[in-house]
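The structure appears below as structure tokens.
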Amino acid sequence: MLLVCAGMVLDLHIPVVGRLSAQDSVLRVEVTNGPVLEMVYVEGGVFRMGSDEAKGVANHYEATRPEHEVEVGAFYIGRYEVTQGLWSAVMGENPSSFGGSERLPVEGVSWVQAQEFCMLLSQMTGRRFRLPTEAEWEFAARGGEDGAFGGRDRNGLDSCAWYCVNSEGRTHEVGSKAPNAWGLYDMCGNVAEWCGDWMGDYTGARQSNPRGPQTGDSRIVRGGHYYSTSSSCAVFDRGWYVPTGKTEYYGLRVVMEVGE
């Protein structure tokens, strides 16, 4: 198991320790018998989460309110959604409904299974992988840009997302549409992505690294999927589902901690 970092190859049979440099904007993590996992460094910062003006743009308009200020710390996030090839290499099986390429996003996985994947990937690499918080996900999806679709308006969605208008009713290989400003692909459409948080109402208070309610009935899902309308693909729209539920619409993207 190798980690390729700033031109150096580290043996991951021995857990890697220490803090990763902010200069390492992209890390490539090699998984035995699997594809390289590309992790993009996100500096962190302050942004306005949610939207008070999303009516007609977000499917769950009331759930996006009130817009509020949120600070997130630095993290690494997957350049792509977790693929079937990576899932199979870590989990030893592939639950997906759609086939034809290992670069298709994995789907048909529950939040509970996504947690197990993160745990096993962490054990394999000596780094801590997890699902993104809802705040981290939205911060990354926005890419430092305004606009409901990561710097684009509704007319530009076709260039960056597989959704009901162009998907032909199925998933497509990750990275086959345009990325957002931070080089992240498929933040809108293709498969919706599990987040770590329980679903809960927003408040207007400023928050720092929020992680949602401590308990709940449903876990957050973000980004819309291949069968979604444009409204569900908005970066501030919120979805939720029971953590044991599985559907061919839901997959995941992982976050890696910057330091331990």
Side-chain angles (χ1 to χ4, degrees), residues 34-38 40 54 56-61 77-89 91 93-111 113-114 117 131-132 137-138 140-143 145 147-195 220-242 245-254:
V36 171
L37 176 57
E38 294 187 31
V40 176
V57 178
N59 273 359
H60 304 101
Y61 168 57
I77 191 167
R79 184 185 294 279
Y80 307 108
E81 294 165 329
V82 170
T83 64
Q84 294 181 22
L86 179 59
W87 182 276
S88 297
M91 302 291 282
E93 51 85 30
N94 183 3
S96 303
S97 298
F98 299 106
S101 171
E102 290 193 342
R103 284 188 57 78
L104 291 172
V106 71
E107 23 83 12
V109 300
S110 68
W111 182 90
Q113 289 175 310
F117 172 85
L131 295 177
W137 190 96
E138 185 171 328
R142 288 177 178 272
E145 303 280 348
F149 306 103
R152 297 172 173 86
D153 60 18
R154 195 190 298 267
N155 293 330
L157 183 58
D158 188 72
S159 68
C160 66
W162 295 109
Y163 67 119
C164 68
V165 171
N166 61 10
S167 71
E168 300 182 342
R170 61 162 298 139
T171 59
H172 293 261
E173 289 189 350
V174 300
S176 53
K177 289 286 187 179
N180 72 6
W182 290 346
L184 304 174
Y185 291 83
D186 301 301
M187 297 301 292
C188 301
N190 216 9
V191 292
E193 302 171 11
W194 287 110
C195 294
I220 289 290
V221 187
R222 284 300 205 106
H225 50 74
Y226 64 90
Y227 207 63
S228 290
T229 63
S230 59
S231 295
S232 287
C233 294
V235 294
F236 42 69
D237 194 48
R238 308 173 77 198
W240 52 93
Y241 202 53
V242 292
K246 303 175 186 178
T247 167
E248 64 270 21
Y249 302 134
Y250 293 171
L252 71 153
R253 184 186 308 260
V254 294

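Excluded from the calculations below are hydrogen atoms, water molecules and symmetry mates; all remaining heavy atoms, backbone and side chain alike, are included.
Note: His172 and Trp162 have parallel aromatic rings, judged against thresholds of 30 and 60 degrees for the angle between ring planes.
With Trp194 contributing its side chain and Val109 its backbone, the two residues share a donor-acceptor pair below 3.5 Å. Checking side-chain atoms of Thr247 against main-chain N and O of Tyr250 turns up no donor-acceptor pair under 3.5 Å. A donor-acceptor pair is defined here as one N or O able to donate and one able to accept, closer than 3.5 Å; such a pair exists between the side chain of Asp237 and the backbone of Asn59. For Asp153 (side chain) and Gly156 (main-chain N/O), a donor-acceptor pair under 3.5 Å exists by modelled atom type. With hydrogens and angles disregarded, no donor-acceptor distance shorter than 3.5 Å links the side chain of Arg238 to the backbone of Ile220. No side-chain donor-acceptor contact under 3.5 Å links Arg154 to the backbone of Phe149.
Under the side chain to side chain contact (heavy atoms under 4.5 Å, CB included) criterion, Thr171 pairs with Phe98, Leu104, Pro105, Glu107, Asn190, Val191, Tyr226, sequence neighbours left out.
The ring of Tyr241 has its center no closer than 6.0 angstrom to the ring center of Trp111.
With a 4.5 Å cut-off on side-chain heavy atoms, Arg152 and Ser159 count as touching. By the 4.5 Å heavy-atom criterion applied to side chains, Pro35 and Glu102 are not counted as neighbours. The closest side-chain heavy-atom distance from Glu248 to Tyr227 is not below 4.5 Å.
For the residue pair Asp158 / Asn166, a side-chain donor-acceptor distance below 3.5 Å is found, with atom types taken as modelled.
Rounded to the nearest 0.5 angstrom, Met91 CE and Gln84 CD are separated by 14.0 Å. The structure places CG of Asp186 at 6.5 Å from CZ of Arg253, a figure rounded to the nearest 0.5 Å. Asn180 CG to Arg142 CZ: the interatomic distance, rounded to the nearest 0.5 Å, is 12.0 Å. Taking CD1 of Ile77 as the start and CG of Leu131 as the end, the distance is 10.5 Å to the nearest 0.5 Å. Atom NZ of Lys177 sits about 12.0 Å away from atom SG of Cys188, to the nearest 0.5 Å. Considering CH2 of Trp240 and CZ of Arg222, their distance stands at 10.5 Å, rounded to 0.5 Å.
When all heavy atoms are compared, the tightest approach of Cys233 to Gly189 is SG-N, 3.9 Å. Across all non-hydrogen atoms, the minimal contact from Gly150 to Glu145 is C-CB, 4.3 Å. Of all heavy-atom pairs between Gly56 and Ser231, the closest is O-OG, 3.9 Å. Between Gly143 and Ala181 the shortest heavy-atom distance is O-CB, 3.5 Å. The two residues Ala192 and Val221 come nearest to each other via the heavy atoms CB-CG1, 3.3 Å. Shown here for Ala89 and Gly34, the closest heavy-atom pair between the two residues is CB-CA, 3.6 Å.
Residue Glu168 qualifies as open at atom CD: its count of foreign heavy atoms under 6.0 Å is 12 or below.
The salt bridge (charged side-chain N to carboxylate O under 4.0 Å, His left out) pairs that include a residue from residues 224-234 number zero, where partners must be two or more places apart or lie in different chains.
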